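One-based numbering, in listed order, for ligands and for the atoms of each. In this text, all values refer to a predicted model and were calculated from it rather than measured experimentally. The analysis underlying the following values was restricted to heavy atoms, covering all of them including side chains, and did not include hydrogens, waters or symmetry mates.
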Amino acid sequence: MSKSASRARLAEIIRKRSFGRGEITLASGRKSDFYFNLKPTMLDPEGAALLAELTYEALKDDKLDFVGGLEMGAVPLAGAIAQLSWLKGHPIAAFFVRKKPKEHGARLAVEGLAKGETLAGKRIVIVEDVTTTGGSALKAVEAVREAGGEIALVFTMVDREEGATETFAEAGLPFRALYKAGEFLKG
Ligand SMILES: O=P(O)(O)OC[C@H]1O[C@H](OP(=O)(O)OP(=O)(O)O)[C@H](O)[C@@H]1O
Ligand SMILES: O=C(O)c1cc(=O)[nH]c(=O)[nH]1
């Protein structure tokens with residue numbers, strides 16, 4: 001399938017499985033009259049494959065060591081990209097950042113690294129399923145920076161165009177999106 005056909009097919013899946021209208025409270029506390037729940041797309045076999053393919057293609061020239069982001073949105077995404085990157089012969093390892101470190105077990109904030117593995121000095125892309133203010137992705141950025149990682153860029157599946165661009169510009173971080181919410185709001 002061509003890139004534009006993959007993109008169009010994924011948009012269809014998002015529209016069908018992940019887009020809804022109706023009053024909803026967002027992570028930032030704002031209210032909205034529409035919402036993307038990307039989990040039914042990220043966990044759909046075709047949706048997962050297309051997301052991984054389009055994201056991998058968009059990121060493959062960025063010389064990345066790691067892909068990750070804040071739970072939950074980044075978890076299926078980072079895993080799918082890591083798997084595809086292995087099959088393509090350019091492995092990009094995945095991790096995720098917990099919203100709160102677990103109170104038992106290893107009490108880690110960053111999950112996915114084996115003993116002795118570190119994000120220090122590594123080139124990292126922070127991924128998100130949806131960006132509104134960009135505040136959630138910024139939490140992952142902070143955790144990665146604390147661990148010594150270098151953020152190459154932030155990449156989102158759907159940007160709602162409600163502040164994330166400004167948030168990342170202020171933070172001095174490149175920001176790219178696969179889709180803008182406006183594409184789904186028409187019609
Ligand atoms: O750009 P922001 O204003 O931060 O909003 C976007 C965030 O909101 C959603 O997460 P949510 O907190 O609803 O939780 P979940 O991913 O755990 O479902 C989404 O997955 C993003 O992480
Ligand atoms: O801002 C949010 O919390 C948010 C908006 C949206 O459309 N989808 C989502 O998962 N989170």
Side-chain angles (χ1 to χ4, degrees), residues 7 10-44 47-48 50-52 54-55 58-59 66-82 94-103 105 108-112 124-147 149 151-187:
R7 197 179 181 285
L10 183 59
E12 243 175 63
I13 296 172
I14 292 174
R15 195 178 291 279
K16 185 168 166 216
R17 296 179 64 84
S18 293
F19 179 68
R21 293 188 188 266
E23 185 163 327
I24 191 126
T25 303
L26 305 178
S28 51
R30 292 182 189 174
K31 302 267 189 218
S32 178
D33 59 3
F34 69 92
Y35 194 71
F36 295 90
N37 176 6
L38 281 186
K39 292 171 187 88
T41 294
M42 296 191 288
L43 296 173
D44 174 68
L50 289 169
L51 270 173
L54 289 165
T55 309
L59 297 175
F66 279 94
V67 52
L70 195 69
E71 62 159 325
M72 283 295 302
V75 175
L77 217 45
I81 295 163
F95 70 92
F96 72 88
V97 175
R98 288 188 183 278
K99 286 179 181 161
K100 269 195 214 154
K102 272 191 350 182
E103 286 169 9
L108 299 172
V110 175
E111 290 280 8
I124 291 159
V125 56
I126 296 296
V127 286
E128 260 290 18
D129 54 349
V130 182
T131 42
T132 303
T133 63
S136 302
L138 213 51
K139 286 184 190 154
V141 166
E142 282 158 15
V144 165
R145 283 183 169 160
E146 265 175 40
I151 310 289
L153 77 155
V154 179
F155 192 91
T156 188
M157 302 304 112
V158 179
D159 180 35
R160 293 177 51 113
E161 301 176 277
E162 295 177 37
T165 297
E166 293 74 12
T167 298
F168 300 122
E170 265 173 44
L173 291 168
F175 174 54
R176 306 209 296 259
L178 212 44
Y179 299 96
K180 301 284 168 90
E183 296 182 45
F184 300 93
L185 293 171
K186 293 177 224 148

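Listed by atom number, the atoms of ligand 1 under 4.0 Å from Gly134 heavy atoms are 1 (O), 2 (P), 3 (O). Residue contact check: Thr133 has heavy atoms under 4.0 Å from atoms 1 (O), 2 (P), 3 (O), 4 (O) of ligand 1. Against a heavy-atom cut-off of under 4.0 Å, Ala27 is close to the following atoms of ligand 1: 8 (O), 12 (O). Below 4.0 Å from some heavy atom of Thr131 lie the following atoms of ligand 1, by number and element: 1 (O). Residue-ligand proximity, Glu128 to ligand 1, at heavy-atom distances under 4.0 Å covers atoms 20 (O), 21 (C), 22 (O). Those atoms of ligand 1 that come under 4.0 Å of a heavy atom in Asp129, given as number and element, are 19 (C), 20 (O), 21 (C). Here is the list of ligand 1 atoms found below 4.0 Å of a heavy atom in Gly73: 16 (O). Atom numbering of ligand 1 starts at 1 in the shown order; those under 4.0 Å from a heavy atom of Lys99 are 11 (P), 12 (O), 14 (O), 15 (P), 17 (O).
Note: an N/O pair closer than 3.5 Å links Phe36 and ligand 2 by distance alone. Note: no N/O pair closer than 3.5 Å links Ser28 and ligand 2 by distance alone. Considering backbone and side-chain atoms alike, Ser136 places an N or O below 3.5 Å from some N or O of ligand 1. Between Arg160 and ligand 2, at least one N/O pair is under 3.5 Å apart. Not a single N or O atom of Leu26, backbone or side chain, sits closer than 3.5 Å to an N or O atom of ligand 2. No N or O atom of Asp129 sits closer than 3.5 Å to an N or O atom of ligand 2.
Counting protein heavy atoms only, atom 4 (C) of ligand 2 is closest to Tyr35 CE1, 3.7 Å. Counting only heavy atoms of the protein, atom 1 (O) of ligand 2 lies nearest to Thr132 OG1, 2.6 Å. The nearest protein atom to atom 3 (O) of ligand 2, hydrogens excluded, is given as Ala27 N, 2.7 Å; this is a heavy-atom distance. In this structure, atom 6 (C) of ligand 1 lies nearest to the protein heavy atom Val130 O, 3.4 Å.
Using a non-hydrogen distance threshold of 4.0 Å, Lys39 registers as a contact of ligand 1.
Side chain of Glu71 to main chain of Lys99: a donor-acceptor pair is present (N/O by atom type, distance under 3.5 Å, no hydrogens or angles). Within the 3.5 Å criterion, the main-chain N or O of Thr133 finds a donor-acceptor partner in the side chain of Thr167.
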If you apply the rule side chain to side chain contact (heavy atoms under 4.5 Å, CB included), what do you find for Val154 with Val141, and how did you get there? CA-CA 9 Å; Val154 179; Val141 166; 4.3 Å; yes
For Glu183 and Arg15, run salt bridge (charged side-chain N to carboxylate O under 4.0 Å, His left out): C-alpha distance rounded to whole Å, both residues' side-chain angles, the deciding distance at 0.1 Å, then the answer. CA-CA 10 Å; Glu183 296 182 45; Arg15 195 178 291 279; over 6 Å; no
Using the rule given for side chain to side chain contact (heavy atoms under 4.5 Å, CB included), can you reason through Phe175 versus Leu173, listing the C-alpha separation, both sets of side-chain angles and the distance that settles it, and then say yes or no? CA-CA 6 Å; Phe175 174 54; Leu173 291 168; over 6 Å; no
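The side-chain tip of Arg160 points at the ring of Phe34 from less than 6.0 angstrom away and within 45° of straight on.
Side-chain contact, Thr41 with Ser18: a donor N or O sits under 3.5 Å from an acceptor N or O.
Going from atom CZ of Arg21 over to atom CZ of Phe19 covers 4.0 Å, rounded to the nearest 0.5 Å. Atom-to-atom distance recorded for Leu38:CG and Asp44:CG is 12.0 Å, nearest 0.5 angstrom. Atoms OH and CG, from Tyr35 and Leu26 in turn, are 7.0 Å apart once rounded to the nearest 0.5 Å.
Between Phe184 and Phe36, the distance separating the two ring centers is shorter than 6.0 angstrom.
For atom 16 (O) of ligand 1, the nearest protein heavy atom is under 4.0 Å away.
Taking the charged nitrogens against the carboxylate oxygens, Arg30 and Glu162 do have a contact shorter than 4.0 Å, which makes a salt bridge.
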